[in-house]
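Comments concern the structure below.
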Number of protein chains: 2
Amino acid sequence: MIHPFRQHIEEIIPLTDDEFDFILSHFESIKKRKHQYIVQEGEFVNKEYWVIKGCLKTCFYDDSGKEHILQFAMENWWSTDYESFVNRTESKTSISCLEDSELLYITYENREKLTSEMHKMERFWAKKSKYGRIALQNRILSLLKNSSKERYELLLEQYPKLFQRVSKKLIAAYLGVSRETLSRLNS
Amino acid sequence: MIHPFRQHIEEIIPLTDDEFDFILSHFESIKKRKHQYIVQEGEFVNKEYWVIKGCLKTCFYDDSGKEHILQFAMENWWSTDYESFVNRTESKTSISCLEDSELLYITYENREKLTSEMHKMERFWAKKSKYGRIALQNRILSLLKNSSKERYELLLEQYPKLFQRVSKKLIAAYLGVSRETLSRLNS
DNA sequence: ATTACTGTGTGAGGTATGTCACACTTTAAG
DNA sequence: CTTAAAGTGTGACATACCTCACACAGTAAT
């Protein structure tokens with residue numbers, strides 16, 4: 001059976017067996033239990049994670065202590081505090097497990113090494129970065145132009161599986177409304 | 001005098017004279033007047049622009065016809081409908097000039113060509129893409145966690161020049177509030 | 001100079017959303 | 001099994017923000 005991570009990379013760049021083994025040798029795997037943290041606010045993050053199995057949330061808090069969600073990550077998604085990872089600054093967000101999770105991760109140093117040793121991976125990450133940027137841009141568009149109800153429906157349409165795995169409170173924190181308002185959107 | 005575009009690239013990657021000339025040969029320049037469009041919604045965008053002089057807005061409209069602003073671009077900033085440019089899809093946004101403007105642009109084909117011919121530029125764009133992603137991420141963080149007043153103050157702090165060149169109506173459309181509300185924030 | 005257009009501030013009133021409170025159910029922990 | 005904790009829905013009320021209206025200043029076009 002083909003490794004799900006290989007399948008993920010090959011959606012963008014075809015690989016030989018040797019190339020995949022070489023890539024994989026730069027990663028480690030790790031298991032984490034529900035409620036455990038992968039990244040804590042204020043840390044210097046030097047790993048980027050890929051979800052083999054499980055579900056993560058990237059969250060942050062406003063001055064009144066209210067939680068907001070930047071991103072969920074389910075199977076085949078990447079997660080890290082991107083700003084901290086790229087700029088070597090303190091993380092503004094925390095990442096934790098919503099379920100018991102199995103992850104691959106690559107350190108900053110290994111990512112740099114792999115980027116320079118293997119041009120295919122430089123191209124892979126460049127593509128990923130482009131797509132990530134487009135997704136974020138569309139989220140901003142949606143935050144500005146759509147009502148809460150519309151944002152709720154768009155999310156439901158795009159990621160129906162999320163609603164079976166994640167509490168409404170967290171969905172609300174992602175959409176930018178209170179859980180009470182989210183609850184009343186259906187009526 | 002050093003070309004401002006060279007200076008811009010050299011903030012990330014040092015260049016020889018020949019390298020810069022080679023890069024520049026892939027670009028064209030163009031002048032546009034205030035109110036003219038660079039990109040219109042629905043078009044397939046195949047150019048990426050760099051502002052030598054002037055000011056652009058990237059805007060889009062909700063169902064009620066209200067204008068929202070995704071991005072401003074002043075001197076030394078890049079602008080295009082990134083999704084359309086990367087994915088070869090129809091643009092969701094329009095880009096137009098807020099002042100008479102002077103621009104450099106590169107076509108999609110030339111960008112691909114330059115990326116493959118010159119590894120330094122592949123790295124330059126990869127870096128730019130990373131930074132762009134971080135900026136967008138921070139905008140989402142701000143939209144979720146900060147009040148309108150806080151967003152206003154953060155923008156004023158980060159881009160004071162913008163307020164001397166752009167109407168409050170457009171600032172409001174960028175921040176995601178009505179111009180009336182923006183006007184009342186100061187009191 | 002005249003006219004139109006755009007930008008800006010401010011009042012009045014409506015609406016969407018937030019906050020607090022409580023009830024009840026479901027899930028997790030000892 | 002028992003108890004605590006988290007998730008969910010709903011009512012009552014407060015509030016931030018939107019919309020519409022109007023006034024007036026500044027700018028551009030004829």
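All figures in this text were calculated on a predicted structure; none of them were measured in a lab.
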With a 4.0 Å limit, can you tell me whether [X] has a side-chain N or O closer than that to the phosphate oxygens OP1/OP2 of [N]?
| X | N | answer |
| --- | --- | --- |
| Ser178(B) | dC17(D) | no |
| Lys34(A) | dA28(C) | yes |
| Lys66(A) | dT19(C) | yes |
| Lys168(A) | dT8(D) | no |
| Ser183(B) | dG9(C) | yes |

Handout entry: Closest non-hydrogen atom pair, Phe22(A) against His26(A)
Key = O-ND1, 2.8 Å
For [Y], is the NZ or CZ atom of [X] found under 6.0 angstrom from the centre of its six-membered ring and inside 45 degrees of the ring axis?
| X | Y | value |
| --- | --- | --- |
| Arg88(A) | Tyr108(A) | yes |
| Arg139(A) | Tyr174(A) | yes |
| Lys47(B) | Tyr105(B) | yes |

Just compare [options] and give me whichever is closest to any side-chain atom of [X].
| X | options | answer |
| --- | --- | --- |
| Ser148(B) | dC17(D), dA28(C), dG11(D) | dC17(D) |
| Val177(B) | dG9(D), dG18(C), dC18(D) | dC18(D) |
| Ser167(A) | dA12(D), dG7(D), dG9(C) | dG7(D) |

Expressed as a whole number of angstroms, how long is the span from [X]:[atom1] to [N]:[atom2]?
| X | N | atom1 | atom2 | answer |
| --- | --- | --- | --- | --- |
| Lys169(A) | dA5(D) | NZ | C1' | 11 Å |
| Lys145(A) | dC18(D) | NZ | C1' | 19 Å |
| Asn146(B) | dA16(D) | CG | P | 16 Å |
| Leu143(B) | dC17(D) | CG | C1' | 15 Å |
| Leu98(A) | dT27(C) | CG | C1' | 15 Å |
| Leu185(B) | dG9(C) | CG | C1' | 13 Å |
| Lys57(B) | dT6(C) | NZ | C1' | 12 Å |
| Tyr152(A) | dT17(C) | OH | P | 14 Å |

Check: [X] side chain, [N] base, donor-acceptor under 3.5 Å:
| X | N | value |
| --- | --- | --- |
| Glu180(B) | dC17(D) | no |
| Arg179(A) | dG18(C) | no |
| Arg184(A) | dG11(D) | yes |

Fill in the blank from the handout: Whichever of Leu170(B) and Leu182(A) has the more 5' nearest nucleotide on DNA chain C, that residue is Leu170(B)
Exercise for the section: If the plane angle is over 60° it's perpendicular, under 30° parallel, otherwise tilted; pick one for Phe27(A) and Trp78(A). Expected result: tilted
